[in-house]
Amino acid sequence: MITLSTPVEQINKIGAATAKKLQRLEIKTAQDLLQYYPFRYEDYSQTVAIKDLKPGITANIQGELEFIQNKRSFQKRMMITEALINDGTGQLKVAWFNQPFIGKNLKAGDKVSLAGIVQGGFLGLEMVAPEYEKIGLGKLAHTTGLVPIYHVTANLTNKQARFLIKSIIGAASQFEDILPEATRRKYQLLDLAKALVNIHFPQSQEILIRARRRLQFEELFLLQLKTQIQKLEIKNQKSAIIKFFKEETNKFVQSLPFKLTAAQKKAAWEIIKDIGQDKPMARLLEGDVGSGKTVTAAIAMLNVALNKKQSALLVPTEILAGQHFETLAKLFKGVDISMGLFTRTNRKVVSLKSYDLQLDVSKEKLLKAVKDGKTEIVVGTHALIQEAVEFRDLALAVIDEQHRFGVEQRQALRQKSGNKLIIPHLLSMTATPIPRSLAQVIYGDLDLSIINELPKGRKKIATFLVPEPKRPGAYDFIKKEIANGRQAFVVCPLISPSDKLGVKSVEEEYKKLNEHVFPELKIAYLHGRLKPPEKEKIMREFLANDVKILVSTSVVEVGVDAPNASVMIIEGAERFGLAQLHQFRGRVGRSAHQSYCLLFTESLNEQTRNRLTIFTKSNDGFKLAEADLRQRGPGEVYGTAQKGFPEFKIATLNDYTLIKETKEAAENIASEGIEKYPKLLERIEKTGEYVVG
Ligand code: ADP
Ligand code: MG
């Protein structure tokens, strides 16, 4: 008997070869197979008499083959299978190309069921390459009703996928329905087994909608429930109260080489108010690239230090850590505090009152200073969490570019307060412009501060969609910029040409630019498959203006300051969401030099070109994200590299009604007490990364 844990190889008729193909889709057990949901359906629910067929309709036809034969086409290159089908009301011509096995499998006299689009051919109506199956071998699965279409890979066909799933669909009843009875009743949800059967083989459009809703509900509900539970856990914990040092803060703000924007002040004040309470802060600071999040966080860190407590600033790369350390050291110059830099390869300490900077500090020495509380602010990378860093009194954890970190990493940082009963206040920062409504789902119960204005006087980054014939002109332009001392980025969607045909890859593009377009310039490339030290080395060479052009995948999006770069070229721009494009663009324009962003696309799709044109006209990340979200899902808008974005099997973040219902349902369960629902608790503990805590 098939159980949910039966490995796919043991399912009847699955050979080793098919099992391998399934493995590639991460399908290992019967359960995986049943949860491999179709992404759309072909509607073959109209069974039409041949005499009533009209060109253009999609139909199912059932009748007897009068004639079938394979023959070679004129030029002999193609094998054509020709057939005639008769259903008693008329005759229809059918043809398949290069599938000679059809001519062998079927023979005149067979009763068959066909499905496809009816075409008005030269000599009357016909069907070209319809789906087909013999009648009389069991229930029809491929040619009538709503037929599921799966995201199959190369060698596995939809027909095989359907056949396999159908053969084990009975096991759907073994799934344990973890949704509480009352929840199911209140939201009128199908029971799980029924939903599973109907998501694969829906009897009607109506039941399909209900099946999909049931499965989506469960995913969103679990996500929300997890958030609710985290929220409750935090509620029972305390954080240090950080007293506001008004005078010192004013003095600091006045010492800055610029005036804070109103949005920065508002955000800083929200943070100050939060950390003034013993309830742990959990706040997300969103602000466009260059909006000045660092100094906003610095105000909070300053107050923590003045309270004789510690802050940690966690950043995703060594280079960025170094840059933040330097920036903050400049800002805090003269204040009576000490700051440390802690990365895998780089450790520094600076006493800011006398500006006494020590380079190459030993690990032991820095760890001790942090443990003794002598270093009030520690800037660092993952090393800060991974290694044996202990704080005396960590009161504030700031996470920069938070989408680069997973929940575990945030949790690990939280456990470093030096006191088990106290957790640090948490400030996450991101330049990803996520509208409030969406942020509430993804980030559950983080409070939100948004810096929605850029400092005055920033130059707009001139952005153009460059038509292919003007490419040489664009390269000439880059040459001029580089001759003037500037540098350029080139972003490509893929790493190597084999990743996907026809899309620009880093390796190809690097080769082309290096050998043919700019042979006289030093060019380097960067992508996620390089080891971190290699990446850092290349970034350093670029920052030193040694490398003039950096070709890379989206890894470049992280907030490194390369003020000398003035041109951002984006190849295959249609492959990125507007929010992501905006992040790339934010890599340039970080100094007084006028900067440029040039987009290339091979897409001729009008909608795509419109989307890109909108991008060339707006420099506002939030507006762009909102515009894009209206057309496409969050996954596409923000790219898949975002940690903390939930990965759903079937749910989407687009259905706000369902999101609201699931949130309400989760709140109800959480307030009743999750311990009353052991099955839910077990499931939530099993699902890993999801929500920000
Ligand atoms: P991001 O929000 O992208 O992290 P940063 O904090 O790195 O931005 O700030 C970008 C640059 O803007 C820095 O050089 C910073 O010193 C500067 N800056 C920050 N706030 C202001 C302001 N109010 N006016 C002018 N420049 C500012
Ligand atoms: Mg930043």
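Ala83 approaches Leu65 most closely through the heavy-atom pair CB-CD2, 4.0 Å.
Between Lys660 and Glu664 there is no salt bridge, since none of the side-chain N atoms of the basic residue sits less than 4.0 Å from a carboxylate O of the acidic one. Salt-bridge annotation for Lys679 and Asp177: absent, with no side-chain N of the basic residue lying under 4.0 Å from a carboxylate O of the acidic one. For the pair Lys93 and Glu82, the salt-bridge criterion is not met [side-chain N within less than 4.0 Å of a carboxylate O].
Side-chain contact annotation: Glu574 with Thr601, donor-acceptor N/O pair under 3.5 Å present. Counting only N and O atoms by type, the side chains of Asn605 and Ser603 include no donor and acceptor under 3.5 Å apart. For the 3.5 Å distance criterion, the side chains of Glu66 and Asn86 qualify, holding a donor opposite an acceptor. Side-chain contact annotation: Tyr677 with Glu672, donor-acceptor N/O pair under 3.5 Å present. Side-chain polar atoms of Gln224 and Thr227 form no donor-acceptor pair below 3.5 angstrom.
Within 6.0 Å of the CZ atom in Phe163, the count of heavy atoms belonging to other residues, nucleotides or ligands does not exceed 12.
Just one of Asp43, Thr144, Thr47 meets the side-chain hydrogen bond (donor to acceptor under 3.5 Å, both in side chains) condition when paired with Asn60; it is Thr47.
Ring pair Tyr36/Tyr150 is parallel by interplanar angle, where below 30° counts as parallel and above 60° as perpendicular. Between His582 and Phe615, the ring planes lie perpendicular to each other; the angle is over 60°, past the 30° to 60° tilted range.
Looking at Thr183, its side chain never comes within 3.5 Å of a backbone N or O of Leu179 through a donor-acceptor pair.
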